[in-house]
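Worksheet: the structure to be examined is printed underneath.
Every chain is numbered from 1 and lettered A, B, ... according to where its sequence line falls, protein lines coming before strand lines.
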There are 2 protein chains.
Amino acid sequence: MPGHPQAEDTEPAEATPLHVRMRGDIVSGALPAGSRLKTQDLARRYDVSINPVREALHQLSGEGFVILSRNRGARVRMLDEAFVRNIFDIRALIEPYLIRLFVGHASREEIARMVAIQEEIEALDGPDQVRLDVLDDAFHQVTYGNHFNSEALAIRERHGQVVHALALRYPASPARRRAQNEEHRRIIAAIAAADENAAAAVVEEHARGAERHLLEQLRRDRANG
Amino acid sequence: MPGHPQAEDTEPAEATPLHVRMRGDIVSGALPAGSRLKTQDLARRYDVSINPVREALHQLSGEGFVILSRNRGARVRMLDEAFVRNIFDIRALIEPYLIRLFVGHASREEIARMVAIQEEIEALDGPDQVRLDVLDDAFHQVTYGNHFNSEALAIRERHGQVVHALALRYPASPARRRAQNEEHRRIIAAIAAADENAAAAVVEEHARGAERHLLEQLRRDRANG
DNA sequence: AGAGTCTTGATTATGTGTAATCCATGTGAG
DNA sequence: CTCACATGGATTACACATAATCAAGACTCT
């Protein structure tokens with residue numbers, strides 16, 4: 001008799017842990033920043049019991065996405081300008097650090113892969129922000145993915161999710177796209193030239209550029225309402 | 001009739017959340033690194049039910065002190081040399097960043113406070129590692145405590161707990177103590193001179209020195225068993 | 001009357017206990 | 001060595017008890 005169940009691809013949602021789904025809803029704005037998170041509402045929303053909800057809330061509290069106050073429940077972490085500035089300040093420290101290891105260790109194949117990804121990015125002219133994010137992730141994954149410092153990678157990953165969600169809400173302008181492409185090209189050039197300092201400088205500039213863009217959009221959004 | 005209960009100071013332990021107690025036991029080594037964390041054992045140990053234990057485990061998982069694997073339970077995060085190197089690499093990035101804001105904003109009173117704390121540190125000649133840690137914390141609290149970047153502060157705080165626990169297990173040697181004092185003096189001097197770059201450099205060196213010391217002790221410990 | 005304080009009730013978080021199910025691992029038969 | 005099975009423990013669900021918080025109304029004193 002067939003022991004392996006195959007009717008599961010109809011419900012692959014069960015595979016992703018609850019706190020991951022909730023985190024997605026937080027960064028996507030489905031659970032608005034600052035809003036109250038009541039266990040029973042969430043239990044209904046995700047069709048689970050309140051026990052898993054409580055555990056997910058504690059997990060997200062540890063990760064910093066949720067603020068727990070004793071006997072007063074949970075609220076979604078505020079994603080305001082100050083928060084964006086904070087995480088980009090940290091990105092601007094960590095990304096140059098991460099790339100320094102890659103420079104000098106980069107193989108021909110890896111550099112070729114970066115070039116290929118970058119060409120695909122530049123070939124995209126439509127407003128497919130999701131595809132752009134995937135490619136951008138792949139690009140940086142080549143440079144950071146093999147770094148030994150899993151702590152730093154975890155921090156960058158956490159912050160990256162927030163940045164991703166904001167990028168979805170505020171797509172890059174054509175001007176920003178051009179700047180991004182130029183920065184990517186300069187990153188590749190610095191790596192090919194095995195110039196650590198140049199690579200670190202460009203990567204920092206890359207992060208600062210993204211920060212500037214997002215802050216402008218946030219401010220405009222706040223001004224309009 | 002007296003409606004206000006007054007027998008509460010006998011049990012103030014309830015005030016500290018479970019995950020804080022567990023975190024303390026993890027960093028102090030009472031719950032050894034890498035060891036299995038069974039919910040029922042922990043429930044007995046802390047005299048609570050399984051639910052709070054699970055919530056604490058999820059919180060600590062989010063903070064990175066505990067590794068959860070689905071249906072396989074929880075283990076204490078390994079505190080090996082690689083981990084120490086990782087977190088000190090991050091400290092060496094964050095601490096210079098944090099202090100740069102303080103330089104130039106430091107008031108006379110704050111500098112005087114740093115000097116006073118440092119004098120107290122140098123007056124300590126006994127092996128009172130706990131007192132030393134408290135004073136060292138106070139010293140750096142003056143410089144970092146008011147920084148706007150609460151994210152960076154949270155990261156430093158988390159890592160600081162691990163460092164603290166290791167420092168308890170491996171007290172600073174007299175040579176290291178002397179180096180620490182000299183570094184503190186140089187930090188004060190750089191701040192008094194409003195020299196951002198110098199302060200950042202010394203702080204980074206300070207972190208690297210602590211890292212070197214701990215790594216040596218860890219290696220010696222591992223060699224002996 | 002008006003300002004401040006107290007009581008009360010609804011809501012929700014927090015903790016305990018129990019049961020059912022699922023999964024990973026170890027064991028033993030073949 | 002391989003596979004079925006047994007078992008320990010995690011995971012989820014549910015029911016209930018306690019306790020903290022908040023808001024609205026009642027009450028008191030000036």
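- Under a 3.5 Å cut-off, the side chain of Arg36(A) and the backbone N or O of Ala74(A) do not form any donor-acceptor pair.
- The residue among Ala74(A) and Pro52(B) whose nearest nucleotide of DNA chain C lies closer to the 5′ end is Ala74(A).
- With no hydrogens or angles considered, no side-chain donor-acceptor pair links Asp221(B) and Gln217(B) at under 3.5 Å.
- The listed nucleotides are dG9(D), dA13(C), dG15(C); the one nearest the side chain of Arg36(B) is dG9(D).
- How far CG of Asp80(B) is from CG of Asn86(B): 8.5 Å, rounded to the nearest 0.5 Å.
- We find that CG of Leu42(A) is positioned 14 Å from P of dA13(D), with the value rounded to whole Å.
- Distance, Leu37(A) CG to dT11(C) C1': 16 Å, rounded to whole Å.
- If you check dA10(D), dT16(C), dT12(D) against the side chain of Glu55(A), the one that comes closest is dT12(D).
- Checking side-chain atoms of Ser107(B) against main-chain N and O of Glu110(B) turns up a donor-acceptor pair under 3.5 Å.
- Out of dT11(D), dA13(D), dA13(C), the shortest distance to the side chain of Arg70(B) is found at dT11(D).
- For Arg75(B) and dA10(D), the CZ to C1' distance is 14 Å, given to the nearest whole Å.
- Going from atom CD1 of Ile50(B) over to atom C1' of dT16(C) covers 10 Å, rounded to whole Å.
- For the residue pair Gln59(A) and Glu55(A), no side-chain donor N or O sits within less than 3.5 Å of a side-chain acceptor on the partner.
- For the pair Asn51(B) CG and dT18(D) C1', the computed distance is 15 Å after rounding to whole Å.
- Atom NE2 of His58(A) is separated from atom C1' of dA13(C) by 10 Å (rounded to the nearest Å).
- As a whole-Å value, the separation of Leu57(A) CG from dT14(C) P is 9 Å.
- In this structure, Arg72(A) reaches the dC22(D) phosphate: one of its side-chain N or O atoms is under 4.0 Å from OP1 or OP2.
- With distances taken from any side-chain atom of Val48(B) to the nucleotides dT12(D), dT16(C), dA13(C), the minimum falls on dT16(C).
- As judged by a 4.0 angstrom heavy-atom cut-off over every strand, Leu68(A) is placed among residues making no nucleic acid contact.
- Rounded to whole Å, atom P of dT14(C) lies 13 Å from atom CG of Leu18(B).
- For Arg54(B), taking side-chain heavy atoms from C-beta onward, the closest of the listed nucleotides dA10(D), dA20(D), dC23(C) is dA10(D).
- Put simply, Ser49(A) has no side-chain N or O that comes within less than 4.0 Å of OP1 or OP2 on dC14(D).
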